[in-house]
Each structure stands twice: as structure tokens, then as C-alpha cells.
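Quick note: numbers below take in every heavy atom, side chains included, and nothing from hydrogens, waters or symmetry partners. Everything numeric here is computed off the predicted structure, so don't read it as measured data.
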Amino acid sequence: MGIFKKTVRRAVMVREDFQKLPRHVAIIMDGNGRWAKKHKLNVAMGHRQGVETLREVIRHTDDLKIEALTIYAFSTENWNRSKEEVGALMQLILDFFKSEIDELDEKNVRILILGDKALFPDKQREVLIEAENRTGGNTGLTLNICLNYGGRAELVRAAKAIAQDVKDGKLNVNDVNEQTISDRLYTTGQPDVDLMIRTSGEMRLSNFLLYQCAYAEFLFPKVLWPDFSVQDYDEALMAYGGRERRFGGRLR
């Protein structure tokens with residue numbers, strides 16, 4: 001393992017410890033590059049260590065019986081990064097599913113890939129499709145993995161689908177409403193995001209789940225993603241539990 005932390009399951013909080021839990025958590029896993037620079041490693045090592053953190057967060061989310069977890073793994077803009085970094089991320093896709101798919105499937109986790117899979121190399125695309133097909137009938141945690149994903153692109157995709165249905169006479173334009181849009185998003189059938197966490201202290205959405213985060217609670221812990229522990233995650237969930245959500249109303 002070298003410098004990498006060993007994934008040891010420490011005593012953590014259980015569902016009964018929380019006043020309330022979100023149904024849907026979304027995470028922007030930010031800080032892999034800065035973590036690598038801090039440890040004088042190349043950025044690929046930062047991403048690989050980030051996968052170690054992700055593994056523990058997925059397990060804990062599943063243990064807490066949270067309905068959905070969405071992670072921002074690779075955006076439509078990430079293709080603009082260096083050839084070496086993109087190559088390392090493509091390899092991580094293969095490595096992650098090779099090492100994790102059996103456990104995820106055994107734990108009844110359903111995997112959904114949010115984004116356009118068409119641009120991925122053949123091996124990666126096949127692995128992603130196989131993961132969705134293998135776990136499609138599972139009824140536990142829904143794990144949404146955003147790959148080649150952009151929030152604006154998702155909304156354009158939904159708008160085109162609605163326009164086509166109107167053109168084909170399947171939908172009356174006067175019947176278009178919020179549910180019409182929700183039904184054409186990648187997350188159709190899932191609850192909107194309740195809690196959005198972005199690590200590393202950066203405070204922006206970066207084109208992530210723009211529609212689904214309309215009434216989400218936001219937290220921006222300063223810890224870099226590879227150092228984000230299960231205990232940090234519990235603290236974020238506790239902070240969420242202490243907030244009163246108004247959805248446009250006033251405090252009671």
C-alpha cells in the first residue's frame with residue numbers, strides 16, 4: 001500500500017444515531033490533485049487514493065440505508081485535462097469495477113451511469129454497461145456514478161426528448177411541467193438531492209446536478225477528498241440533520 005491508507009473499518013455511527021438522514025446524497029469528490037501535490041506524487045496517485053475513500057463512503061452509505069448516492073467522477077469538461085491524467089482515470093474505471101462489482105452486487109446495490117457513455121473507449125464502455133445490466137434488478141442503495149456528465153448537457157437531453165414527444169404527438173406542450181422534466185433526467189424515479197457535499201473547501205457546483213439540487217442543503221468541508229474519512233462523512237450527515245429545510249417557506 002505504501003503511502004496509501006489502509007481501509008480499516010473503524011467504529012462509526014449507525015442509522016439510529018442520527019436525528020434524520022437524507023434520502024439522496026451527492027458528492028463532488030474534489031482535491032485529488034492537491035492531495036497528490038501535497039504528498040509529492042503524480043496526480044494519478046491522488047485519484048487512486050480517492051478511490052480508497054470512495055469505497056468506504058459507499059459502504060457507509062449502504063450501511064445507513066440511504067436511498068441514493070451520486071458521485072461526480074468525470075465531467076464533460078474533464079476530457080480537456082492532460083492525456084496522462086485522462087488515461088489514468090480511464091484505467092481507474094476498469095480497476096474500480098473489477099475490484100468492487102462483486103461486493104456491490106452482493107450488497108444489492110444498483111449502479112447507474114449518469115452521462116454519455118458513447119465517448120468512452122470500448123473497454124470502459126463495456127464495463128459500464130455490464131455493471132448497469134448486472135445490478136439493474138437490485139433494490140438496495142442506488143449508486144449513481146457521473147461519467148462524461150454535465151448538468152447542462154443533461155437538461156439539453158431532457159429538452160430534446162420533450163420536444164420530440166411533442167412533435168410526435170405523444171405529449172401536449174401545455175402539459176409540460178416539472179415532472180415532465182424530472183422523468184427525462186438520468187435520475188428519473190429517484191428523490192431530488194437532499195445533501196450535496198463538495199470536499200476541499202471549493203464552493204461551486206461545477207455543472208453538477210443543476211436541476212436535482214434545487215433545494216439541496218450544501219456543505220463544503222475543507223478536507224481534501226483522499227483524506228475525507230467516514231467520521232467526516234458522519235459529521236456532514238449530522239450537520240444536515242440539524243438544519244431546518246424550508247423549501248421556499250419561512251422558519252417555523
Side-chain angles (χ1 to χ4, degrees), residues 1-10 12 25-62 69-104 109 111 113-115 117 119-128 131 143-150 196-204 206-208 219-236:
M1 295 289 289
I3 193 170
F4 297 146
K5 63 187 178 188
K6 197 168 184 177
T7 53
V8 178
R9 305 304 304 280
R10 293 172 287 176
V12 294
V25 177
I27 302 178
I28 299 176
M29 305 178 293
D30 199 11
N32 291 340
R34 276 166 284 175
W35 184 92
K37 184 177 181 179
K38 176 181 176 181
H39 292 281
K40 296 182 173 56
L41 299 168
N42 64 50
V43 69
M45 293 298 186
H47 290 305
R48 192 161 292 278
Q49 182 59 23
V51 171
E52 296 295 317
T53 296
L54 175 59
R55 179 181 294 115
E56 291 302 296
V57 166
I58 294 172
R59 285 174 176 165
H60 194 46
T61 305
D62 181 57
L69 172 66
T70 302
I71 58 169
Y72 207 4
F74 191 88
S75 76
T76 50
E77 293 77 26
N78 286 161
W79 295 107
N80 297 322
R81 295 188 177 184
S82 71
K83 181 179 178 181
E84 292 74 19
E85 184 173 358
V86 171
L89 289 166
M90 291 301 105
Q91 184 59 47
L92 270 180
I93 290 173
L94 300 179
D95 294 345
F96 175 80
F97 285 103
K98 181 179 179 181
S99 65
E100 303 302 317
I101 189 63
D102 288 341
E103 179 180 349
L104 292 170
V109 173
I111 296 170
I113 306 302
L114 278 53
K117 296 186 282 291
L119 292 182
F120 285 99
D122 290 345
K123 284 185 179 180
Q124 282 75 10
R125 186 170 61 254
E126 290 169 5
V127 164
L128 298 177
L143 175 61
N144 300 307
I145 304 176
C146 293
L147 290 163
N148 193 29
Y149 172 88
M196 200 289 291
I197 301 168
R198 180 173 187 149
T199 56
S200 86
E202 299 292 343
M203 300 173 68
R204 55 182 177 271
S206 297
N207 201 17
F208 181 51
L219 286 170
F220 301 99
K222 293 183 178 180
V223 61
L224 302 176
W225 175 249
D227 290 328
F228 188 75
S229 67
V230 172
Q231 286 75 17
D232 293 321
Y233 188 29
D234 280 340
E235 288 180 10

Picking from Leu54, Asn144, Ile28, what satisfies side chain to side chain contact (heavy atoms under 4.5 Å, CB included) with Ile71? Leu54

Roughly how far, to the nearest 0.5 Å, is OH of Tyr149 from OG1 of Thr76? 9.5 Å

Can you list the steps and then say if Phe220 with Met196 is a side chain to side chain contact (heavy atoms under 4.5 Å, CB included)? CA-CA 9 Å; Phe220 301 99; Met196 200 289 291; 4.1 Å; yes

For Glu103 and Arg59: C-alpha separation, side-chain torsions, deciding distance, then whether side chain to side chain contact (heavy atoms under 4.5 Å, CB included) applies. CA-CA 10 Å; Glu103 179 180 349; Arg59 285 174 176 165; 3.0 Å; yes

For Leu147 and Leu128 the tightest heavy-atom approach is CD1-CD2, 3.6 Å

Side chain proximity check, Lys117 to Gln124, heavy atoms < 4.5 angstrom: no

Can you tell me if Asp122 uses its side chain to pair, donor with acceptor, with the backbone of Arg125 under 3.5 Å? no

Smallest heavy-atom separation, Ala26 atom then Phe208 atom, equals CB-CE2, 3.7 Å

So, taking the atom named CD1 in Ile27 and the one named CD1 in Ile197, what distance separates them when rounded to the nearest 0.5 Å? 5.0 Å

Which atom pairs, one a donor and one an acceptor, fall under 3.5 Å between side chains of residues 92-100 and the rest of the protein, sequence neighbours left out?
from	atom 1	to	atom 2	distance (Å)
Asp95	OD1	Gln91	NE2	2.9
Asp95	OD2	Arg48	NH1	3.3
Asp95	OD2	Arg48	NH2	3.1
Ser99	OG	Asp95	O	3.1
Ser99	OG	Phe96	O	3.2
Glu100	OE1	Arg55	NE	3.4
Glu100	OE2	Arg55	NE	2.6
Glu100	OE2	Arg55	NH2	2.8

Any side-chain heavy atom of Glu85 sitting closer than 4.5 Å to one from His47? yes

Using only atom types and a distance under 3.5 Å, with no angle test, would you say the side chain of Ser75 pairs donor to acceptor with the backbone of Gly150? no

Within the 4.5 Å heavy-atom criterion, are Asn32 and Val43 side-chain neighbours or not? no

In this structure, CG of Leu143 is separated from CD1 of Ile111 (nearest 0.5 Å) by 6.0 Å

Taking every heavy atom of Leu224 against every heavy atom of Arg34, the minimum-distance pair comes out as CD1-C, 4.0 Å

Considering non-hydrogen atoms only, spot the tightest contact between Ala73 and Asn78 and give its length. O-OD1, 4.4 Å

Is the backbone of Val230 close enough, under 3.5 Å, to the side chain of Glu56 for a donor and an acceptor to pair up by distance? no

Gap separating the NE2 atom of His60 from the CD atom of Gln231, nearest 0.5 angstrom: 8.0 Å

CA sep, side-chain torsions, deciding dist, call: Trp225, Val57, side chain to side chain contact (heavy atoms under 4.5 Å, CB included): CA-CA 11 Å; Trp225 175 249; Val57 166; 3.8 Å; yes

Is the closest side-chain heavy-atom distance between Val25 and Thr61 below 4.5 Å? no

Are any side-chain N or O atoms of Asp232 and backbone N or O atoms of Ser229, one a donor and one an acceptor, separated by less than 3.5 Å? yes

Where Trp35 and Gly46 come nearest, the two heavy atoms and their spacing: CE3-CA, 3.8 Å

Taking all atoms of both residues into account, what is the closest heavy-atom pair of Leu104 and Ile58, and its distance? CD2-CG2, 3.8 Å

Could you tell me how the ring of Phe228 sits relative to the ring of Tyr233: parallel (under 30°), tilted (30 to 60°) or perpendicular (over 60°)? tilted

Find out whether Pro226 and His39 are in side-chain contact, i.e. whether some heavy atom of one side chain is under 4.5 Å from a heavy atom of the other. no

Evaluate side chain to side chain contact (heavy atoms under 4.5 Å, CB included) for Asn207 paired with Glu77, printing each intermediate quantity in order. CA-CA 10 Å; Asn207 201 17; Glu77 293 77 26; 3.7 Å; yes

Under the ring-ring contact (aromatic ring centres under 6.0 Å, His included) test, which residues partner Phe74, sequence neighbours left out? Trp79

